[in-house]
Amino acid sequence: MNLGLVSAILPNQTFEEVIDYAAGVGFGCVEVCCWPVGKALRRYAGVTHIDINSVTNEKMRYYPDYAAAKGVAISSLAYYPNPLDGNAEAAGVAVDHLMKLIDASAAMGVNMVTTFIGKDRTKSVEENLEKYVQVWTPIVKHAEEKGVRIGIENCPMYYTKDEWPGGNNLASTPYIWRRMFELIPSPNLGLNFDPSHPYLLGASYIKPLYEFRDRIFHVHFKDIKIYQDKLDEYGLFSHPALWHSPKLPGLGGVDFGAFCSALNDIGYAGPACIEVEDRAFEGSPADVKSGIEQSYRYMRQFV
């Protein structure tokens, strides 16, 4: 596995600063955030370390070449919107940018995009699957033509009040993944697997690795701490923000030794990027870097 970093936690740094820092810590790759330039709608979103809307074709190779010169690979171009949004205009913006991101990923030789399927939380699962086929078939076809793989993160996206209930990402459980791959049976469509999300849902984050071993294109290392006293107070079906918080790897409930052991079992040798979303390490830029470096040291024992 290639231990890396998700760039979202360093929103105010340039691409070059992110790569230089990652190389200095010892990371082998970076998942580079490529949102359209503009105001973020949620935490860790709206981060633009490569603005693909302003990059010329001639400069496309600059980014992977710069990273390679520092001994770092770009694992993926990352953008996590809601392409199935009930707001047709918002969904259209997401799909349009995803198409451009696929083009850019191919031009850069990265050949990976990490994102969300999305979800219309006013509709049922089956209605969303029908919408998924309509919206995602042309996206996946375009990715096939460009030789780009799409890694869908398994995050349920129901952490903020505007996402609750129902969530804004359909692809959070094995049942949905099977249906996704049955409905659009493309070898270019797979998963960006994060163990913290099944852990939050009370599901196994080990068992799916074996069933979907050929569909795991990218991995996130993130942890979650569940506060049992608060869960006792509010209940499992309450807003999750009431009883959990994202943590650095090793500071929550995910068994990363078991998780990495299973990844080794299935022969996974792709990118495995630490995703830092721990408020306890966000008091200052120095705190953020402290959290990143602590996470790197912790995960190095497994990767």
Side-chain angles (χ1 to χ4, degrees), residues 80-86 91 94-95 98 113-141 143 149-160 163-224 226 231 235-241 243-244 246 252-255 258-259 262-263 265-266 268 270 275:
Y80 295 91
N82 186 354
L84 301 186
D85 199 311
V95 171
L98 272 172
V113 168
T114 39
T115 189
F116 289 148
I117 284 293
K119 187 179 182 183
D120 183 341
R121 60 191 180 88
T122 68
K123 296 184 181 298
S124 69
V125 168
E126 290 305 320
E127 288 172 327
N128 268 284
L129 285 169
E130 292 176 6
K131 192 172 183 179
Y132 153 75
V133 173
Q134 296 171 2
V135 172
W136 275 90
T137 296
I139 298 174
V140 174
K141 185 176 185 296
R149 298 196 297 171
I150 301 174
I152 303 298
E153 188 178 353
N154 57 317
C155 178
M157 286 307 295
Y158 49 38
Y159 299 109
T160 60
E163 296 167 346
W164 178 261
N168 284 342
N169 188 34
L170 182 65
S172 61
T173 65
Y175 167 76
I176 298 296
W177 306 334
R178 285 188 212 100
R179 296 289 290 130
M180 279 170 43
F181 300 138
E182 288 167 2
L183 292 167
I184 304 180
S186 170
N188 290 61
L189 184 64
L191 298 172
N192 179 17
F193 195 95
D194 184 328
S196 71
H197 302 312
Y199 177 73
L200 179 77
L201 299 176
S204 173
Y205 48 85
I206 301 295
K207 183 179 177 182
L209 296 180
Y210 295 94
E211 178 179 353
F212 297 98
R213 62 196 304 161
D214 296 329
R215 296 286 189 168
I216 298 172
F217 295 170
H218 201 279
V219 167
H220 277 176
F221 288 148
K222 187 177 72 179
D223 213 342
I224 277 182
I226 293 175
L231 192 56
L236 187 63
F237 297 143
S238 62
H239 193 283
W243 46 266
H244 95 283
V254 174
D255 185 339
F259 182 63
L263 288 172
D265 285 347
I266 66 172
Y268 180 76
E275 186 176 23

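Just so you know, residue 1 is the first one in the sequence shown, and it goes up from there.
Sequence neighbours left out, the pairs with a member in residues 167-192 that pass salt bridge (charged side-chain N to carboxylate O under 4.0 Å, His left out) are R178-E211, R179-E182. Applying the salt bridge (charged side-chain N to carboxylate O under 4.0 Å, His left out) test to pairs two or more places apart or on separate chains, none has a residue in residues 197-210.
When all heavy atoms are compared, the tightest approach of S196 to I224 is O-CD1, 3.5 Å. Taking each heavy atom of P83 and V95 in turn, the nearest pair found is CB-CG2, 4.0 Å.
Checked by atom type and distance alone, the side chain of D223 pairs as donor or acceptor with a backbone atom of G253 at under 3.5 Å. No donor-acceptor pair under 3.5 Å is formed between the side chain of Y199 and the backbone N or O of Y205. Judged purely by atom type and a 3.5 angstrom limit, N169 uses its side chain to pair as donor or acceptor with the backbone of C155. Here the side chain of K131 pairs a donor or acceptor atom with the backbone of L84 at under 3.5 angstrom.
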Query raised in the report: Are F116 and L98 close enough, and set up right, to give a side-chain contact (heavy atoms from CB on, under 4.5 Å), and what steps lead you there?
Result: CA-CA 10 Å; F116 289 148; L98 272 172; over 6 Å; no
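Here NZ of K119 is found 11.5 Å from CD of E127. Values are rounded to the nearest 0.5 Å. Between atom CZ of residue F221 and atom CG of residue L263 there is a gap of 6.0 Å, rounded to the nearest 0.5 Å. With rounding to the nearest 0.5 angstrom, the CG atom of L170 is 10.5 Å from the CD1 atom of I152. For the atom pair CD1 of I150 and CD1 of I117, the computed distance is 8.0 Å after rounding to the nearest 0.5 Å. Taken from CG in L189 to CZ in R215, the straight-line distance is 6.5 Å, to the nearest 0.5 Å. Note that NE2 of H244 is 8.0 Å distant from CD1 of I226, once rounded to the nearest 0.5 Å.
Not a single salt bridge (Lys or Arg N to Asp or Glu O under 4.0 Å) links E126 to another residue, sequence neighbours left out. T122 pairs by the side-chain contact (heavy atoms from CB on, under 4.5 Å) definition with D120, not counting sequence neighbours. In this structure, the side-chain contact (heavy atoms from CB on, under 4.5 Å) partners of N154, at least two apart in sequence or on a different chain, are W177, F193, D194, H197, P198. For R213, there are no side-chain hydrogen bond (donor to acceptor under 3.5 Å, both in side chains) partners two or more places apart in sequence or in a different chain. Shown here are the side-chain hydrogen bond (donor to acceptor under 3.5 Å, both in side chains) partners of S204, two or more places apart in sequence or in another chain: there are none. Applying the side-chain contact (heavy atoms from CB on, under 4.5 Å) test to A262 and every residue at least two apart in sequence or in another chain returns I206, L209, Y210. Annotation: side-chain contact (heavy atoms from CB on, under 4.5 Å) contacts of N192 (sequence neighbours excluded): E31, Y80, T114, E153, H218, H220.
Contact check for Y132 versus I184: side-chain heavy atoms found under the 4.5 Å cut-off.
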